[in-house]
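Count residues from 1 along the sequence. From a predicted model like this one, the values you see are computed outputs, not experimental measurements. For ligands, and for the atoms within them, numbers begin at 1 and follow the listed sequence.
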Amino acid sequence: MAAHTATSFTDKVLVSDEVAEFSPEVIDEMKAHVAKYPAERSRSALIPLLFVVQRERGGWLDNPGVNFLAKFLNLEVTDVWETATFYSMFNLRPVGRHHIQICKTLSCKIMGEPEITDHICTKLGIHPGETTEDGKFTVTMVECLGSCGTAPMMQIGFDYHEDLTTEKVDKILEACK
Ligand code: FES
């Protein structure tokens, strides 16, 4: 199966001044997050708002979405990018409908991560960092997801899948319709 060319998080970001627009319902949701913090600390809402923008922009943070947040929170655009680029849960490029994040850190590594990664990538016909041609799956390697006691593990969307075996992986992928 062919795959899109992989891009890394350090690839150039296409910068534009375009500002994303959101529905009144989404704006209300964002305001509700901001209201949880003291007025002078509204930037503390940045991470929950990045999640909202990522969801609304099709699963990743594009330039117009980031520009919107900078205006909304009265921040510099670079302030928003600083946070967006620090955390692996924020996607800086389009991802598939099922974003598989495989932990590559020590506990997972010694408990079988390489075999799990090979199995998943062979099955999907892609390499880490790539998306299947049908846009269904993206595989990303990430650092420790804090579930070392149940290594090897991976995250798909917001769900953790732990104590992975190749048989377990097959069932998980099968369930991803
Ligand atoms: S090392 Fe994989 S979850 Fe911590």
For this session: Quick one: look up the protein heavy atom nearest atom 3 (S) of ligand 1 and list residue, atom name and how far away it is.
Result: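 The protein heavy atom lying closest is Ser147 N, 3.2 Å.
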Exercise. Tell me, which protein residue and heavy-atom name are nearest atom 1 (S) of ligand 1, and how many Å apart are they?
Worked result: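 Of the protein heavy atoms, Cys103 SG, 3.6 Å lies nearest.
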Exercise. Is the Phe51 ring parallel, tilted or perpendicular to the Phe90 ring (thresholds 30°, 60°)?
Worked result: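 Tilted, since the angle between the ring planes falls between 30° and 60°.
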Do other residues, nucleotides or ligands put more than 12 heavy atoms under 6.0 Å from the [atom1] atom of [X]?
X      : atom1 : answer
Lys71  : NZ    : no
Asp28  : CG    : yes
Glu174 : CD    : no
Lys136 : NZ    : yes

Per-atom contacts of ligand 1 with [X], taking only distances under 4.0 Å to non-hydrogen atoms:
X      : result
Leu145 : 3 (S)
Thr105 : 1 (S)
Ser107 : 1 (S)
Gly146 : 3 (S)

Problem set entry | Any N, O or S atom of Cys144 closer than 2.8 Å to atom 4 (Fe) of ligand 1 | yes
Exercise. N/O/S of Cys148 less than 2.8 Å from atom 4 (Fe) of ligand 1?
Worked result: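 Of the N, O and S atoms in Cys148, at least one lies under 2.8 Å from atom 4 (Fe) of ligand 1, which means yes.
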Problem set entry | Nearest-0.5 Å distance that lies between atom CD1 in Ile172 and atom OG1 in Thr165 |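 It is 8.0 Å, given to the nearest 0.5 Å.
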